[in-house]
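Structure first, then comments.
Predicted model only: the values in this text are computed from it and were never measured. Order of listing sets the numbers, starting from 1, for every ligand and every atom in it.
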Amino acid sequence: MDQLRIYAKGGAGGQGFERIGGVGGKGGNVIARAKTSVTLEQIKGKYPQKRFIAENGRDSRKLVILGSSGEDMILEVPVGVVIENERGAAIGDLNEEDQEILLARGGQGGNPDNHFIGQKGEGNVISLNLKLIADIGLVGFPNAGKSTLLSAVSRSRPKIANYPFTTIQPQIGTMFYEDLRQITMADLPGLIEGAHINIGMGHKFLKHLERTKLLLMVVDINGFQLSHNYQPRSAVETVALLNKELELYKRELLDKPAVLVLNKIDGDNDGSQTAEILDRVNGLHETVNEMDEELVPQKLMKFDDIIAVSAKNKINIDKLKDRLRDLLDVYASTDNTNTGTDVALTDSSDIYSRSDWKKFSERRDTKLV
Ligand SMILES: Nc1nc2c(ncn2[C@@H]2O[C@H](COP(=O)(O)OP(=O)(O)OP(=O)(O)O)[C@@H](O)[C@H]2O)c(=O)[nH]1
């Protein structure tokens with residue numbers, strides 16, 4: 001969820017008491033305050049009506065010359081949110097903890113200027129938009145080739161982006177297309193085995209993946225080993241492990257559009273290694289039964305596609321770029337999210353698309369040196 005529309009209404013001003021020159025209290029304001037711990041989903045869950053109304057100011061009375069002001073209504077919103085009005089114009093953005101923005105002003109209390117009649121508070125339809133870090137977020141353990149891939153797809157060297165609302169610095173690459181379309185891709189450092197329990201940069205990393213439209217999982221066909229203290233993992237185990245890390249952090253991440261990239265196929269001379277991985281990933285709901293329980297996620301991600309590449313030798317990079325673009329377009333036009341598949345699946349439905357792989361395997365002999 002990256003957008004939430006709400007209604008904010010300032011409290012009305014209290015009535016003045018003309019006979020004694022009494023002034024009504026000012027209506028409370030509705031104020032957005034940034035908190036890193038808050039999500040848009042939480043706001044929606046807590047306030048399903050999405051109406052935020054501040055308290056009215058009190059009237060001035062015989063013994064109360066100055067009516068007291070209404071309380072402000074404070075709405076806690078996620079850090080990194082852009083606030084827009086009904087017409088889509090930006091009112092401002094909140095990039096730091098406890099930063100505040102006024103959403104709707106309370107009405108003036110009744111006083112001589114308004115004939116002692118308390119004024120209504122402002123009523124505004126407001127849209128809270130989470131800033132995207134990039135269209136595509138790379139997911140992969142160290143050494144999978146994420147930086148190399150980012151450089152391969154983007155024309156120039158990826159830039160280190162300075163996002164005020166993150167403490168980590170994502171590398172952002174821009175993919176350029178012939179018709180001038182641009183798609184951004186972010187490599188957020190720090191995902192390692194155990195990230196969900198906050199080993200390494202853990203949560204800080206995973207949190208930002210939520211702010212991308214599509215996840216691109218990058219796996220080295222030779223597998224992965226975090227360090228000598230950790231067991232080596234095969235490529236297929238790595239897919240399961242990454243799936244699990246995402247799931248343990250936040251299950252909803254598994255519902256995002258996702259593509260799997262099998263990288264470093266230049267080292268697989270006859271293509272058999274990659275073909276076997278692809279087969280096993282395609283049947284992951286069966287393959288996981290043979291894996292250590294600690295590697296197995298409860299729910300499997302549904303990849304929109306699996307593409308084998310060599311980031312270093314630029315094999316299949318254009319194909320990857322085209323596919324990513326197509327997928328983003330499809331998702332933008334249908335606003336679909338894929339639903340993923342549970343591991344406890346009993347039917348044998350093939351949850352991964354093989355189409356591109358077939359085409360690739362037919363062509364790969366001519367492409368490989
Ligand atoms: N043979 C081969 N090596 C590759 C390929 N892509 C990346 N590498 C090598 O793999 C190593 C790791 O690549 P990086 O791009 O730094 O990997 P990363 O995933 O960004 O790693 P971290 O920065 O540690 O997260 C480097 O030595 C790359 O040259 C590839 O397609 N083929």
Side-chain angles (χ1 to χ4, degrees), residues 133-134 136-161 166-175 184-196 198-209 212 215-230 232-235 237-239 241-243 245-246 249 258-275 277-278 306-321 323-324 356-357 360-361 363-364 367-369:
I133 288 195
I136 297 168
L138 291 176
V139 185
F141 291 133
N143 230 30
K146 299 182 300 303
S147 319
T148 312
L149 183 67
L150 196 59
S151 301
V153 295
S154 48
R155 210 186 276 160
S156 51
R157 284 182 59 80
K159 290 188 285 240
I160 305 274
T166 74
T167 48
I168 58 169
Q169 305 223 297
Q171 289 231 357
I172 306 282
T174 306
M175 299 194 278
T184 51
M185 189 184 273
D187 179 14
L188 300 137
L191 183 59
I192 55 170
E193 193 170 349
H196 69 276
N198 236 347
I199 296 180
M201 303 274 278
H203 278 182
K204 280 200 183 111
F205 165 86
L206 292 168
K207 188 178 163 72
H208 296 301
L209 276 181
T212 60
L215 305 183
L216 188 63
M217 185 186 280
V218 184
V219 169
D220 181 340
I221 56 166
N222 304 304
F224 165 73
Q225 184 171 21
L226 181 57
S227 72
H228 293 303
N229 303 335
Y230 282 74
R233 307 292 188 194
S234 71
E237 287 172 334
T238 307
V239 172
L241 206 51
L242 284 164
N243 186 153
E245 287 294 346
L246 297 179
Y249 169 66
V259 168
L260 172 63
V261 160
L262 300 175
N263 189 29
K264 307 197 186 179
I265 56 164
D266 52 288
D268 176 20
N269 288 328
D270 63 1
S272 57
Q273 190 185 352
T274 314
I277 295 169
L278 193 91
I306 304 175
I307 300 179
V309 307
S310 165
K312 194 162 128 192
N313 294 358
K314 298 218 163 123
I315 301 172
N316 270 347
I317 295 302
D318 284 340
K319 190 178 106 176
L320 174 65
K321 283 174 66 174
R323 190 69 183 114
L324 292 172
D356 281 331
W357 169 253
F360 165 70
S361 2
R363 265 183 310 176
R364 71 190 306 282
K367 285 210 165 191
L368 287 177
V369 210

Task: Check: Leu149 N/O within less than 3.5 Å of ligand 1 N/O - done: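 Not met; the criterion fails.
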- [ ] Indicate yes or no: does an N/O atom of Ala144 lie under 3.5 Å from an N/O atom of ligand 1?
- [x]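 Such a contact does occur with ligand 1.
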TODO: Examine the proximity of ligand 1 to Val218 and report which part, side chain or backbone, both or neither, has a heavy atom under 4.0 Å away.
DONE: neither
TODO: Please state which part of Thr148 comes within less than 4.0 Å of ligand 1, counting heavy atoms only: side chain, backbone, both or neither.
DONE: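 Looking at Thr148 and ligand 1, atoms from backbone and side chain both fall under 4.0 Å.
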If you compare all heavy atoms of [X] against all heavy atoms of [Y], which two are closest, and at what distance to 0.1 Å?
| X | Y | value |
| --- | --- | --- |
| Asn222 | Gln273 | OD1-NE2, 3.1 Å |
| Ile172 | Ala186 | CD1-CB, 3.5 Å |
| Ile277 | Ala235 | CD1-CB, 3.7 Å |

Open item on the list: Going by the rule side-chain hydrogen bond (donor to acceptor under 3.5 Å, both in side chains), which residues pair with Ser310 if we only count those two or more places apart in sequence or in a different chain?
Closed with: Asp266
Open item on the list: Among residues at least two apart in sequence or on other chains, which ones pass side-chain hydrogen bond (donor to acceptor under 3.5 Å, both in side chains) with Thr184?
Closed with: Asp135
Counting only heavy atoms, tell me which of [options] gets closest to [atom].
| atom | options | value |
| --- | --- | --- |
| atom 31 (O) of ligand 1 | Ser151, Gly140, Ala311, Pro142 | Ala311 |
| atom 12 (C) of ligand 1 | Ile315, Asn313, Asn143, Val219 | Asn143 |
| atom 10 (O) of ligand 1 | Lys314, Lys264, Lys312 | Lys264 |

- [ ] Give a yes-or-no answer on whether the side chains of Asn143 and Gln225 include a donor-acceptor pair shorter than 3.5 Å.
- [x]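 Not at all, the side chains of Asn143 and Gln225 share no donor-acceptor pair under 3.5 Å.
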